[in-house]
Amino acid sequence: DQQVKQNSPSLSVQEGRISILNCDYTNSMFDYFLWYKKYPAEGPTFLISISSIKDKNEDGRFTVFLNKSAKHLSLHIVPSQPGDSAVYFCAASAPGGSYIPTFGRGTSLIVHP
Amino acid sequence: DSGVTQTPKHLITATGQRVTLRCSPRSGDLSVYWYQQSLDQGLQFLIQYYNGEERAKGNILERFSAQQFPDLHSELNLSSLELGDSALYFCASSVALAGKNTDTQYFGPGTRLTVL
C-alpha cells in the first residue's frame, strides 16, 4: 500500500513554462514533506521541504504547495529550464519514530528547449 | 557533491553469491540509511543505523544485513543473491537530531548491482 503516490510517471514541458508535479499521500500523521531531484547516475538531492503548519514554501524558482485537507502537495517550477530535466521524488515523514521519510515512485520531468 | 561516498559504483555478480556495499557518510552525520531502488520503483527503505546502533528497519530481506562501524562508515551485505536483487542501492546520511523528523537526508551516488 503506497502511502505517498506520484501518479504521473512523466511530464513534458516547454522551456520557460511552468512545471507542476503532483503528490498525494494517505497517512494523516505525515507532517513534513520533501521534494528530491535525481539526475541519472547520481543520488537524489534535496530540493525543498514544507512543514504541515504552512501551506506554501518558496525557494527561488521552486514553490511547494500543501493542501492538508486534500492530502495533496505540488511542486511548481517557474520558469522551467532544460537543466530541470530530472526525476522528482516526493517524500513525507511523521513525527516520532526514526525520521524515515516515505518516498513516492517519482515523476520524470523533461523540459524541452 | 553530497559528501556521501559509496563504493563500488557498479557490481556484477551471479546468483547465489554474496556482495558487500560500502558507504561513508558526510562528515558530522551520525545516521546512515540504506535504500533500494528497483526498476520503476521508488526508494524502498531498508535499514537505518545511528552512531553504530540499528535504529530502524524497513523492507529488508533476511538475506541482507548491515552494520555501522566506529568510524561511522556502513556496509550493506547481500547474500544468496537472486535475479530480483538487481537494483540501485543508495546510502544516505543525516544528522538525525533527536525528537525531530525535519531531517534532510544526503544521498550518495548509489551502487548499481546486477545479478546474472
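Convention: sequence-line order gives letters A, B, ...; per-chain numbering from 1. All figures in this text were calculated on a predicted structure; none of them were measured in a lab. Side chains included, hydrogens not; waters and symmetry mates left out as well; all remaining heavy atoms used.
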- Task: Evaluate the side-chain proximity of B:Val4 to B:Cys23: yes if any heavy-atom separation is below 4.5 Å, no if none is.
- Result: yes
Cut-off 4.5 Å, heavy atoms of chain B, and the answer for A:Phe33 is neither
Honestly, the part of B:Phe45 sitting under 4.5 Å from a heavy atom of chain A is side chain
When you compare the side chains of A:Thr26 and A:Asp24, does any donor N or O come within less than 3.5 Å of an acceptor on the partner?
no
So, the part of A:Ala41 with a heavy atom under 4.5 Å from chain B: the answer is backbone
Could you check whether A:Asn22 and A:Ser74, counting side-chain N and O atoms only, form a donor-acceptor pair closer than 3.5 Å?
no
Honestly, the part of B:Gln37 sitting under 4.5 Å from a heavy atom of chain A is side chain
Review point. Just by distance, with hydrogens left out, do B:Gln48 and B:Ser31 show a side-chain donor and acceptor under 3.5 Å apart?
Key: yes
